[in-house]
Amino acid sequence: MEYHFELAGLHTVLCTPKKMEISQRLRPFLIDPQTNADCTIRVQEVTELPQMSNFGTWYGPEYYDHKRIFHCTADARTPFAVTELLEDGNVKISVLPAYLSWFSGFSGIFNRIGLENLLLQHHGLLLHASLIDHGIAFSGPSGIGKSTQAALWAQYAGAEILNGDRAAIRK
């Protein structure tokens, strides 16, 4: 199946082996199919995953290894999928058959595409920030008041909060 969506100004084509259920909150990102996509995310079912190197870093149940993210079970750290950022700016996600249902909705894909790396390849970045429509991003550590500041702008200046946690910004 093929889905077209826009994420941080990137026209992205998502190719999946099975039809996906699209949640209500993610429908605004869908766009009409166009010929000029900025990148393609291809999900494929595989029987075997590549090996993890010894040079990666664990972050929760995920293992970051150069341009690959190994998605693992939290308890055993056993990989069930790997996301690879390709040199051409596209993404390939290889998933073991038993775990394909984890990728059956857009939220599963969005959480596993390596969005930070994808944006970097397309002149963008992902900030831990609250973003309002006045072109202002409030960024900083948790608990500093980013959401509170955005809410004050919404209340007193009529600003619209575009994102309250992870703001994608592109050149």
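FYI, the numbering just counts along the sequence from 1. If you're wondering where the values come from, they're calculated on a predicted model, not measured in any experiment.
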*Asks:* Checking Gln121 against Lys67 for the side-chain contact (heavy atoms from CB on, under 4.5 Å) test, could you report, in this order, the C-alpha distance in whole Å, the side-chain angles of both residues, the deciding distance, and whether it holds?
*Replies:* CA-CA 11 Å; Gln121 275 200 322; Lys67 292 187 177 186; 4.1 Å; yes

*Asks:* Is there a continuous path of hydrophobic side-chain contacts, each under 4.5 Å between heavy atoms, that joins Ile169 to Phe138?
*Replies:*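 Not linked; separate clusters.
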
*Asks:* Tyr3 and Val91: same hydrophobic cluster, using ILVMFWY side-chain contacts below 4.5 Å?
*Replies:*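 Result: yes, single cluster for both.
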
*Asks:* side-chain contact (heavy atoms from CB on, under 4.5 Å) between His4 and Leu30: does it pass, once the steps are laid out?
*Replies:* CA-CA 6 Å; His4 293 251; Leu30 287 173; over 6 Å; no

*Asks:* With the side chain counted from C-beta on, respond yes when Cys15 and Val13 share a heavy-atom pair under 4.5 Å apart, and no when they do not.
*Replies:*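 Yes; the side chains approach each other to less than 4.5 Å.
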
*Asks:* Which heavy atom of Leu119 sits nearest a heavy atom of Ala8, and at what distance?
*Replies:*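 Closest pair (atom of Leu119, atom of Ala8, distance): CD2-CB, 3.7 Å.
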
*Asks:* Between the main-chain N or O of Pro141 and the side-chain N or O of Lys146, is there a donor-acceptor pair closer than 3.5 Å?
*Replies:*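 Checking the backbone N and O of Pro141 against the side chain of Lys146, a donor-acceptor pair under 3.5 Å is found.
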
*Asks:* Test side-chain contact (heavy atoms from CB on, under 4.5 Å) on Trp153 and His134 and set out the steps.
*Replies:* CA-CA 9 Å; Trp153 274 78; His134 286 53; 3.9 Å; yes

*Asks:* Check step by step if side-chain contact (heavy atoms from CB on, under 4.5 Å) holds for Ile144 and Ser142.
*Replies:* CA-CA 6 Å; Ile144 200 167; Ser142 294; over 6 Å; no

*Asks:* I would like to know whether Arg68 and Glu84 meet salt bridge (Lys or Arg N to Asp or Glu O under 4.0 Å); could you show each step before the answer?
*Replies:* CA-CA 5 Å; Arg68 301 183 301 181; Glu84 296 180 69; 5.3 Å; no

*Asks:* Which distance, rounded to the nearest 0.5 Å, do you find between the OH of Tyr64 and the OG1 of Thr57?
*Replies:*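 Those atoms lie 10.0 Å apart.
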
*Asks:* Could you state the interatomic distance from CG (Leu14) to CZ (Arg42), rounded to the nearest 0.5 Å?
*Replies:*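 Rounded to the nearest 0.5 Å, the CG-CZ separation comes to 9.5 Å.
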
*Asks:* Nearest 0.5 Å please: distance from the CD1 atom of Ile93 over to the CD1 atom of Ile41.
*Replies:*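 Rounded to the nearest 0.5 Å, the CD1-CD1 separation comes out at 6.0 Å.
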
*Asks:* Can you check whether Val82 reaches Pro50 side chain to side chain, under 4.5 Å on heavy atoms?
*Replies:*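 A side-chain contact under 4.5 Å exists here.
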
*Asks:* Does Asp133 reach the main-chain N or O of Glu160 with its side chain, forming a donor-acceptor pair under 3.5 Å?
*Replies:*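 Such a contact is found between Asp133 side chain and Glu160 backbone.
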
*Asks:* Classify the side-chain pair His128/Ser139 by whether it contains a donor and acceptor separated by less than 3.5 Å.
*Replies:*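 The answer is no; no qualifying pair exists.
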
*Asks:* Treating His122 as the side-chain partner and Leu10 as the backbone partner, does any N or O pair qualify as donor plus acceptor under 3.5 Å?
*Replies:*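 Flag not set: sc His122 to bb Leu10 has no pair under 3.5 Å.
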
*Asks:* Identify, with sequence neighbours excluded, every residue that meets ring pair (Phe, Tyr, Trp, His ring centres under 6.0 Å) alongside His123.
*Replies:*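 Expected list: none.
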
*Asks:* State the CE-CG distance between Met52 and Asp65, to the nearest 0.5 angstrom.
*Replies:*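 That separation rounds to 8.5 Å.
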
*Asks:* State which residue, out of Thr16, Leu100, Thr83, fulfils the side chain to side chain contact (heavy atoms under 4.5 Å, CB included) condition with Val95.
*Replies:*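 Going through the options one by one, the only one that passes is Leu100.
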
*Asks:* Taking the side chain as every heavy atom from C-beta outward, state whether Cys72 and Thr78 have any atom pair closer than 4.5 Å.
*Replies:*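 Counting from C-beta outward, Cys72 and Thr78 never come under 4.5 Å.
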
*Asks:* Kindly compute the distance separating CD (Gln149) from CD1 (Ile161), expressed to the nearest 0.5 Å.
*Replies:*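 Reported value, rounded in 0.5 Å steps: 10.5 Å.
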
*Asks:* Phe80 vs Tyr99 aromatic rings, parallel, tilted or perpendicular, using cut-offs 30° and 60°?
*Replies:*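 Answer is parallel, since the angle falls under 30°.
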
*Asks:* Any chance the side chains of His11 and Glu6 put a donor and an acceptor closer than 3.5 Å?
*Replies:*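 No pair is found: no donor N or O on one side chain lies under 3.5 Å from an acceptor on the other.
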
*Asks:* Does any pair with a residue in residues 34-59 pass ring-ring contact (aromatic ring centres under 6.0 Å, His included), and if so which ones, sequence neighbours excluded?
*Replies:*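 For residues 34-59, and leaving out neighbouring residues, the ring-ring contact (aromatic ring centres under 6.0 Å, His included) pairs sorted by first residue read Trp58-Tyr63.
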
*Asks:* Between Ser130 and Ala150, what is the shortest heavy-atom contact and its length?
*Replies:*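 Heavy atoms of Ser130 and Ala150 come nearest at CB-CB, 3.8 Å.
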
*Asks:* Please find out if less than 6.0 Å separates the ring center of Phe29 from that of Phe5.
*Replies:*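 Centroid separation for Phe29 and Phe5: 6.0 Å or greater.
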
*Asks:* Any side-chain heavy atom of Leu96 sitting closer than 4.5 Å to one from Leu49?
*Replies:*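 Of all side-chain heavy-atom pairs linking Leu49 with Leu96, at least one is under 4.5 Å.
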
*Asks:* Same hydrophobic cluster for Val46 and Phe70, using side-chain heavy-atom links shorter than 4.5 Å among ILVMFWY?
*Replies:*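 Result: yes, single cluster for both.
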
*Asks:* Do Arg166 and Leu127 touch side chain to side chain, with heavy atoms closer than 4.5 Å?
*Replies:*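 Not in contact.
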
*Asks:* Could you tell me whether the side chain of Asn90 and the main chain of Thr40 form a donor-acceptor pair under 3.5 Å?
*Replies:*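 At least one qualifying donor-acceptor pair exists.
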
*Asks:* Can you tell me how far the NZ atom of Lys18 sits from the CE atom of Met1, to the nearest 0.5 Å?
*Replies:*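 Between atom NZ of Lys18 and atom CE of Met1 there are 13.0 Å.
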
